[in-house]
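See structure below.
A quick note: this is a predicted structure, and the numbers were derived from the prediction, not measured. Each residue takes its place number in the sequence, starting with 1.
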Amino acid sequence: MKNIAVIGAGTMGNGIAHVFAQNGYKVNLIDVSEESLDRGIATITRNLDRMLSKEKITGEDKIQTLKNITTHTQLSSGIPNTDLVVEAATERLEIKLGLFKEMDAIAAPNTILATNTSSISITKIAAATARPEKVIGMHFMNPVPIMKLVEIIRGYNTSDATTKVIMDLSLELGKTPTEVNDYPGFVANRILMPMINEAIETLYHGVAGVEEIDTVMKLGMAHPMGPLQLADFIGLDVCLSILNVMYDGFKNPKYAPCPLLVNMVMANKLGIKSGEGFYDYNVSRKAEIVSSQFK
């Protein structure tokens, strides 16, 4: 397995492409526009420069990594002759189902189709294809070049052979693959999102302020960042989407998103990506200034 296609040049997609390319794989990075692809390559270049400045890679490593990536604006040109396709598009079921139906029609019969979804059913996605045994979840963590974990999610029909190939491949990338079964939220988000939602509920009910809630979790629980800062980093729209998937899947009120989260998403206060969430990022991308609405 040497030829990889990655669909989506956003935060997760460019990170996944970066990691494969840095480890010697030929990567076709696919997105709908040249502008999106240019932004993705620019991000990869900045991240490689950061690694170079820290002497984690050499100048030749940077050059070769970028050489290993080819950009495409059409699935029809980027998917043929690849051994694995990793979909990292927007976290919306209808988008993923459409993509997998098209991927299945274009890819060679032996090509494995993976999704980086953080919550959507692998079994449901696989049902859009004629190869459900070759469909699997590869949930990378953000930022992909740094974070070691890859959640490997087996759909109902995912074969043992497909799972072994992807587990072994993740190890070759220097990651730590962890196999989980296909239930809403998998493991990472089934545990993480209720914690973030409860932090938002704590703020919503006036128990404590933004900085106070994050400080308690950082200093009291040894978390590297507080849950509200982490929500901003992930994107509040993504958090809401994942909670809705779990709420719909389990029909358990403990997964119901906090009304404050719903309102913030409707108001386009999405965190770092929009410039404001629980913190204000218009001056700095660091969570240093609490949003004016919470002061």
Side-chain angles (χ1 to χ4, degrees), residues 6-8 10-13 15-16 19 84-97 99-100 112-129 132-144 146-160 162-171 173 175-200 223-224 227 230-231 233-257 261:
V6 177
I7 299 175
T11 300
M12 297 305 296
I16 294 167
V19 168
L84 168 69
V85 183
V86 182
E87 172 271 320
T90 304
E91 189 75 348
R92 289 171 53 188
L93 177 61
E94 63 273 19
I95 290 175
K96 293 186 186 296
L97 292 180
L99 279 171
F100 269 78
I112 294 173
L113 306 180
T115 174
N116 183 59
T117 181
S118 54
S119 62
I120 296 172
S121 167
I122 306 304
T123 303
K124 186 175 289 186
I125 291 172
T129 77
E133 75 285 355
K134 292 186 178 296
V135 177
I136 195 166
M138 287 187 81
H139 180 206
F140 290 84
M141 304 293 132
N142 185 28
V144 180
I146 296 172
M147 300 293 280
K148 290 291 186 182
L149 176 67
V150 184
E151 255 188 325
I152 307 299
I153 307 105
R154 294 185 64 140
Y156 190 82
N157 292 305
T158 306
S159 69
D160 290 341
T162 295
T163 303
K164 185 178 188 310
V165 167
I166 298 303
M167 293 285 284
D168 291 346
L169 176 64
S170 300
L171 289 170
L173 296 176
K175 302 298 186 183
T176 301
T178 302
E179 182 182 336
V180 305
N181 290 318
D182 187 21
Y183 291 95
F186 315 134
V187 171
N189 282 317
R190 185 170 179 173
I191 295 170
L192 174 63
M193 285 302 153
M195 183 193 74
I196 286 176
N197 198 44
E198 195 62 32
I200 298 171
H223 291 192
L230 180 56
F233 180 74
I234 293 168
L236 302 193
D237 53 337
V238 176
C239 294
L240 177 60
S241 175
I242 295 169
L243 284 165
N244 281 331
V245 167
M246 293 196 294
Y247 184 54
D248 290 343
F250 291 115
K251 300 296 188 289
N252 189 322
K254 74 178 181 179
Y255 299 114
L261 173 61

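The two residues V19 and K175 make their nearest non-hydrogen contact at CG1-CE, 4.1 Å. The two residues N181 and F186 come nearest to each other via the heavy atoms O-CD2, 4.2 Å. Of all heavy-atom pairs spanning P227 and A199, the tightest one is CG-CB, 3.6 Å. Closest approach of S118 and E91 over heavy atoms only: N-OE2, 3.0 Å. Shown here for P194 and L243, the closest heavy-atom pair between the two residues is N-CD2, 4.4 Å. The minimum heavy-atom distance linking P184 with V245 is given by the pair CB-O, 4.1 Å.
Residues passing the salt bridge (Lys or Arg N to Asp or Glu O under 4.0 Å) test with D248: none are found, sequence neighbours excluded. Under the side-chain contact (heavy atoms from CB on, under 4.5 Å) criterion, T123 pairs with S121, Y156, D182, sequence neighbours left out.
Atom CG of D237 sits about 9.5 Å away from atom CG of L261, to the nearest 0.5 Å. Rounded to the nearest 0.5 angstrom, I200 CD1 and M195 CE are separated by 10.0 Å. Taking OG of S241 as the start and CG of L93 as the end, the distance is 9.5 Å to the nearest 0.5 Å. Of the inter-residue distances, the one linking K254 atom NZ with N197 atom CG reads 12.0 Å to the nearest 0.5 angstrom. Put simply, CG on L169 and NZ on K164 are 11.5 Å apart, with the number rounded to the nearest 0.5 Å. A distance of 13.0 Å separates OG1 of T178 from NZ of K148, quoted to the nearest 0.5 Å.
With I136 as reference, T163 is the one residue of T115, L113, L84, T163 to meet the side chain to side chain contact (heavy atoms under 4.5 Å, CB included) rule. Residue M12 is tested with N142, V86, V6 for a side chain to side chain contact (heavy atoms under 4.5 Å, CB included); the sole match is N142. Each of N244, N189, I234 was compared with C239 under the side chain to side chain contact (heavy atoms under 4.5 Å, CB included) criterion, and only I234 meets it.
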Side chain to side chain contact (heavy atoms under 4.5 Å, CB included) between M193 and Y255: does it pass, once the steps are laid out?
-> CA-CA 8 Å; M193 285 302 153; Y255 299 114; over 6 Å; no
Chi angles and distances behind the side chain to side chain contact (heavy atoms under 4.5 Å, CB included) call for H139, V150 | CA-CA 5 Å; H139 180 206; V150 184; 5.7 Å; no
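Put simply, the side chain of T90 reaches to within 4.5 Å of the side chain of R92, judged on heavy atoms. Between L192 and L230, the closest side-chain pair of non-hydrogen atoms falls below 4.5 Å. Residues N116 and I16 form a side-chain contact, since some pair of their non-hydrogen atoms from C-beta on lies under 4.5 Å apart. By the 4.5 Å heavy-atom criterion applied to side chains, R154 and D160 are counted as neighbours.
Under the 3.5 Å distance criterion, the side-chain polar atoms of E151 are matched with a main-chain donor or acceptor of V187.
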